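The block underneath contains the structure these notes are about, expressed in C-alpha cells.
Basis for what follows: all heavy atoms, side chains included, without hydrogens, waters or symmetry-related copies. Only a predicted model underlies this, so the values are computations on that prediction, with no experimental measurement involved.
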Amino acid sequence: MNKFITLMALCAITISVNAQQAAAPVPVYEAYGKIDKEDLEMKACDFEKDASAEILIDKGDVYYDNSLNQVGEYHKRVKIFNDNGKSEANIRIEYYSANQEEYISGLQGETINMVDGKAVITKLDKKLIYTQGVDKYKSAMIFTMPDVKPGSIIEYKYTLTSTDPFYLPTWVFQAQIPTRYSEYDTSVPEWFYFQPQTNMRAPFTKRTTSAGNGNYGTGQDAVTYTTQGEQRIMINVPSMPTEFAMRSLTDNLAYVAFQLKTFSPPNSFVQSLSNTWAKVGENLLKDDDFGKQLNRKLAGEDAIIAKAKAFKTDDEKIAYLFNQVRDNMKWDGTDRWYTIDGTSKAWDTKTGNSTEINLILYHLLNKSGVKAAMPMIVSTRVNGRVNPSYTTSRQFNRGVVYIPVDSTKMYVLDATGKYNMYNETPYTLLNSSGLYLNPDTKDANLVFVVKQVPVRQAVFINAEIKPEGKMAGTVQISSFSYNRINCIDSYKTDGEKKYIDNLRGDDNNLKITSLKFDNMDVDTLPLVQNAEFNLVLTGSDDNYIYFNPNLFTSMGKNPFLSETRNTDIDFGYQDNSTINGMYKIPAGYKIDALPKNVSMSMPDQSIVFRRIIGEQDGNIAVRYTISYKKSIYFKEEYPDLHEFYKKMYEMLNEQIVLKKS
C-alpha cells in the first residue's frame with residue numbers, strides 16, 4: 001500500500017477553459033495493422049493540402065491494473081506525403097527509468113507502402129531499437145521506421161507502465177502536422193480525483209463518460225472499486241505553425257492535463273492534495289539534487305570568495321562572481337530544475353547543466369556576503385509559461401539566482417549563456433513566473449519575471465548622395481540590453497563576414513568597407529558599432545535619384561503579413577528604436593518628392609510611430625522613432641496589430657526622390 005504515501009506532481013502547464021461536447025461525425029477507430037487502401041493512395045491531407053505529413057491516428061488508453069500500476073497503451077499512425085515529411089519516421093519516447101518508475105513493453109512498428117497496387121509491409125527490426133540514457137532519472141527509446149518514402153504509412157504501438165498512480169499523463173491533441181483522429185481514454189479508480197485542465201481552441205468532437213469496476217490486489221484480499229472512465233476525441237485538428245514572436249509550442253498546442261486534487265483511500269478520510277508554493281519550495285530545499293547542493297564546498301573557492309569580499313558594494317561582488325562562473329563554466333546544453341552530478345563535480349569538470357552552474361553561482365554569492373541572493377527555478381521560453389495556480393515543480397526546467405535589489409529592481413542571474421550579463425535577465429526567461437526559495441526563512445513564492453525598462457537601439461547615419469546614383473557615408477549603431485547581447489552573440493558565433501551580411505540585410509547593393517566595435521567587453525555600457533559604407537541607389541537614372549533612409553535596421557520587411565494569427569504575440573520586452581539620418585543632396589539636384597511628417601499609434605496607444613523629414617542647408621534630415629509600451633498581444637488583438645504594421649512598414653519604406661534641376 002506504499003503507493004498511497006507519496007504524491008508526484010503533474011508535468012504540464014495548462015490554462016483552464018471550458019470544452020463542450022460538439023456534435024460531429026466521428027470516424028471508427030482503426031486498430032493497429034488495419035490500413036485502408038484509400039489512405040495508402042491518399043496524396044494530400046483533406047483539410048490542409050500543403051501538409052508534408054498527417055497523423056491519421058493518435059490514440060492513448062490509460063487505466064490501472066490490480067497493483068495500482070498505471071498502464072498506458074499507445075498507438076500512432078502517420079501518412080508521409082513528401083520528402084519533408086520523412087522526419088516523422090524518427091521516433092523518440094522519453095520516460096522515467098530510475099528505479100523502474102516507468103518502463104516500456106510490447107513495442108511494435110511497421111511501414112506500409114503501395115507497390116504495384118498491393119500493400120507491402122516492412123516490420124520494424126527490434127535490433128534497430130535502442131535505449132539512450134538522458135540523465136540519471138530519464139531514458140529514451142529511439143528508433144527509425146524502415147523503408148520510408150513519400151506515400152508511406154508508418155505506425156507503431158507500445159505499452160508504458162508507471163508505478164506512480166498519482167500522475168495522470170497529459171494528452172496533446174495537436175502537432176506541427178495536421179491530425180485526422182486523436183483519442184484519449186482514461187479509466188481512474190474512484191479513490192482519485194484528477195481535475196482536468198484544458199487548453200483548447202475548439203470543442204471536443206466527442207466526449208463521453210462511463211463507469212466500470214476494478215480490483216486492487218488479488219484473491220481474498222482484493223479490494224473492489226468503481227472506475228470513472230472518460231473518452232475524449234478530436235478530429236481534423238489543424239497543424240500548429242511556428243509564427244513570428246510566438247512564445248512556444250507548449251503554450252499554444254491543444255491539450256488536456258490533470259491535477260490530482262483529492263485522494264480518498266478505502267476506510268480512510270479524504271485527503272486534499274492541493275499543494276502551496278511554500279510547500280513546493282520546502283520540498284525543493286530538502287531535495288538532494290537541489291537544496292542539499294547549496295552549501296557544497298567547491299575546490300579552490302576560498303581564493304575566489306576572498307577576492308569577492310574585498311569589493312565594497314554588492315553590485316561589484318555580483319559582477320565579479322557572475323563573470324567568474326560564466327567564463328569558467330561550460331553549459332552542456334541541458335535544462336533541468338535539478339542537478340545531475342552535483343555542483344562539486346560540475347565545478348571540478350568545469351561543465352554542468354543549467355542548474356548546476358547557477359547553484360554554483362548562488363553558493364559563491366552567499367559565501368561572499370551577498371545575503372539577498374536566493375536560488376530560483378524558472379521555465380524557459382521554449383518550455384512554456386508557468387501557470388501560477390498549478391503548484392508543481394514539474395512546470396520548471398532551469399535553476400537560476402534571484403536577487404531583489406529594491407522595490408522596483410531585481411536581478412535574475414543565469415551564467416549559462418556566454419554573453420549573458422549579470423544586470424540583465426535573459427530574454428528566454430521573460431514574461432513567465434519564477435519560484436524563489438529563501439533558505440534562511442524557508443519561504444518560497446512566485447515572482448513574475450519581466451523587463452520593466454524599454455530596450456533602446458539608436459542608428460545615426462551621415463551620408464552624401466552622389467550624382468551618379470550612389471551613396472557613401474558612416475553609420476553609428478548604439479545597442480543596449482538585449483540588442484547588445486544579440487549583436488555580440490551573433491558576431492562571435494557567426495563570424496564577421498556573416499555578421500556584416502546580416503547588418504546590411506543581405507543587400508548586394510550595400511557594401512560595408514569598415515566596421516569597429518566599442519564597449520564589447522564592458523557590460524555596463526551600450527555596444528557601439530561604427531561603420532563606413534557605400535550604397536548603389538537602384539532605380540536611379542540620369543534625371544532622378546531614389547533612396548530609402550530605412551538603413552541598418554531589422555525593419556526592412558514586415559513580419560506580420562498574414563491576414564490571420566493562430567497564437568498570441570510575445571515580443572519579450574518593450575522596445576524603443578530611433579533612426580536618424582543626415583543626407584547631403586548632390587549639386588544640381590533638388591527634392592522632387594519628400595514623405596510627409598506623420599505620427600500614428602495603435603488604438604490602445606501601445607505602439608507609437610513617428611516620422612519627421614525636412615530639408616536643412618542642402619541636407620535632408622530624417623528621424624524615425626518607434627516606441628512600444630507593452631510586449632504581449634493576444635491573438636484577438638492581431639487585426640489591429642496587423643493593420644498598424646502594414647501602415648508603419650509602408651511609411652518606413654517610402655522613398656525620397658531627388659530630381660536633376
Apply side-chain hydrogen bond (donor to acceptor under 3.5 Å, both in side chains) to N550 and T553, showing your working. CA-CA 7 Å; N550 179 16; T553 73; 2.8 Å; yes
Residue set satisfying side-chain contact (heavy atoms from CB on, under 4.5 Å) with V237, at least two apart, ordered chain then number -> Q174, T179, M234
S490 side chain to Y499 main-chain N or O, any donor-acceptor pair under 3.5 Å? no
Check D489 with K492, please: is the shortest side-chain N to carboxylate O separation under 4.0 Å? no
S354 vs D335, test: side-chain hydrogen bond (donor to acceptor under 3.5 Å, both in side chains). Steps then yes/no. CA-CA 6 Å; S354 53; D335 269 321; 2.7 Å; yes
Tell me, do R385 and T250 make a side-chain contact under 4.5 Å, heavy atoms counted? no
Chi angles and distances behind the side-chain contact (heavy atoms from CB on, under 4.5 Å) call for Y624, L652: CA-CA 8 Å; Y624 301 100; L652 280 169; 3.9 Å; yes
Among D604, D570, D575, the one residue meeting salt bridge (charged side-chain N to carboxylate O under 4.0 Å, His left out) with K630: D604
Test: R398 and D414 ion pair at under 4.0 Å: yes
Can you check whether P241's main-chain N or O pairs, donor with acceptor, with Q176's side chain at less than 3.5 Å? no
Reported CD1-to-CG distance for the pair I632 and D568, which is rounded to 0.5 angstrom: 8.5 Å
Should T380 and N397 be marked as a side-chain hydrogen bond (donor to acceptor under 3.5 Å, both in side chains) after you check the CA-CA gap, both sets of side-chain angles, and the distance that decides it? CA-CA 7 Å; T380 59; N397 70 328; 3.0 Å; yes
Measure the shortest side-chain to side-chain distance between Y645 and P559 over non-hydrogen atoms and say whether it is less than 4.5 angstrom. yes
Rounded to the nearest 0.5 Å, how far does NZ of K43 lie from CG of N82? 12.0 Å
Are the side chain of K418 and the backbone N or O of R326 linked by a donor-acceptor pair below 3.5 Å? yes
Separation between CE of M376 and CH2 of W337, rounded to the nearest 0.5 Å: 16.0 Å
Can you tell me how far apart OH (Y419) and OG1 (T493) are? Round to the nearest 0.5 Å. 4.5 Å
Has R201 got a side-chain atom pairing as donor or acceptor with N252's backbone, closer than 3.5 angstrom? yes
Within a radius of less than 6.0 Å around NZ of K635, do more than 12 heavy atoms belonging to other residues, nucleotides or ligands occur? yes
Would you say that more than 12 heavy atoms from the other residues, nucleotides or ligands in this model lie under 6.0 Å from the NZ of K511, or not? yes
Between T144 and N90, is the side-chain hydrogen bond (donor to acceptor under 3.5 Å, both in side chains) condition met? List the steps. CA-CA 5 Å; T144 298; N90 301 320; 3.2 Å; yes
Any donor and acceptor pair, going by atom type alone, linking the side chain of R180 with main-chain N or O of F47 inside 3.5 Å? no
Short question: side chain of N358, backbone of A415 - any donor-acceptor pair under 3.5 Å? yes
Indicate yes or no: at least one non-hydrogen side-chain atom of I477 is less than 4.5 angstrom from one of L503. yes
Which heavy atom of Q655 sits nearest to which heavy atom of Y546, and what is that distance? OE1-CB, 3.6 Å
Do the numbers put R336 on top of the ring of W331, so that NZ or CZ is under 6.0 Å from the six-membered ring centre and no more than 45° off the axis? no
Apply the test side-chain contact (heavy atoms from CB on, under 4.5 Å) to residues E94 and V134: give CA-CA distance (whole Å), side-chain angles for both, the deciding distance (0.1 Å), then the verdict. CA-CA 8 Å; E94 285 198 5; V134 177; 4.1 Å; yes
With a 6.0 Å cut-off on ring centres, are F517 and Y491 close enough? yes
Can any side-chain N or O of D251 pair as donor or acceptor with the backbone N or O of R247 at less than 3.5 Å? no
Please name the pair of heavy atoms, one in Y482 and one in L430, separated by the smallest distance, quoted to 0.1 Å. OH-CD1, 3.5 Å
Heavy-atom pair with the smallest gap, counting every atom of N534 and A472: OD1-CB, 3.4 Å
Within the 4.5 Å heavy-atom criterion, are S562 and F244 side-chain neighbours or not? no
Can you check whether V455's main-chain N or O pairs, donor with acceptor, with S481's side chain at less than 3.5 Å? no
Going through the distances and angles, do Q476 and Q529 end up as a side-chain contact (heavy atoms from CB on, under 4.5 Å)? CA-CA 6 Å; Q476 182 180 87; Q529 304 172 69; over 6 Å; no
So, Q395 side chain and N387 main chain: donor-acceptor pair closer than 3.5 Å or not? yes
Rounded distance (nearest 0.5 Å) linking atom CZ of F396 with atom OG of S432: 7.5 Å
Please check if the number of heavy atoms outside F634 that lie under 6.0 Å from its CZ is greater than 12. no
Are Y255 and F173 an aromatic pair, judged by ring center distance below 6.0 Å? no
How many angstroms lie between atom CG of L249 and atom CG of N383, to the nearest 0.5 angstrom? 12.0 Å
Do Y411 and Y422 have ring centroids that are under 6.0 Å from one another? yes
Would you say CG of D50 has more than 12 non-hydrogen atoms from neighbouring residues, nucleotides or ligands within 6.0 angstrom? yes
Would the distance check show the side chain of N519 and the main-chain N or O of V522 forming a donor-acceptor pair, the cut-off being under 3.5 Å? no
Report yes if the side chains of N530 and D518 come closer than 4.5 Å at any heavy-atom pair, otherwise no. yes
Quick one: side chains of residues 607-617, donor-acceptor pairs under 3.5 Å with protein atoms, not counting sequence neighbours, listed by atom name and distance.
| from | atom 1 | to | atom 2 | distance (Å) |
| --- | --- | --- | --- | --- |
| R611 | NE | K596 | O | 3.0 |
| R611 | NH1 | M651 | O | 3.0 |
| R611 | NH1 | E654 | OE1 | 3.0 |
| R611 | NH2 | K596 | O | 2.9 |
| R611 | NH2 | E654 | OE1 | 3.3 |

Among R484, R456, Q457, which residue satisfies the side-chain hydrogen bond (donor to acceptor under 3.5 Å, both in side chains) criterion with S479? Q457
Would you mind reporting whether I177 and V78 have side-chain heavy atoms less than 4.5 Å apart? yes
What residue among F571, Y633, Y573, F644 forms ring pair (Phe, Tyr, Trp, His ring centres under 6.0 Å) with Y628? F571
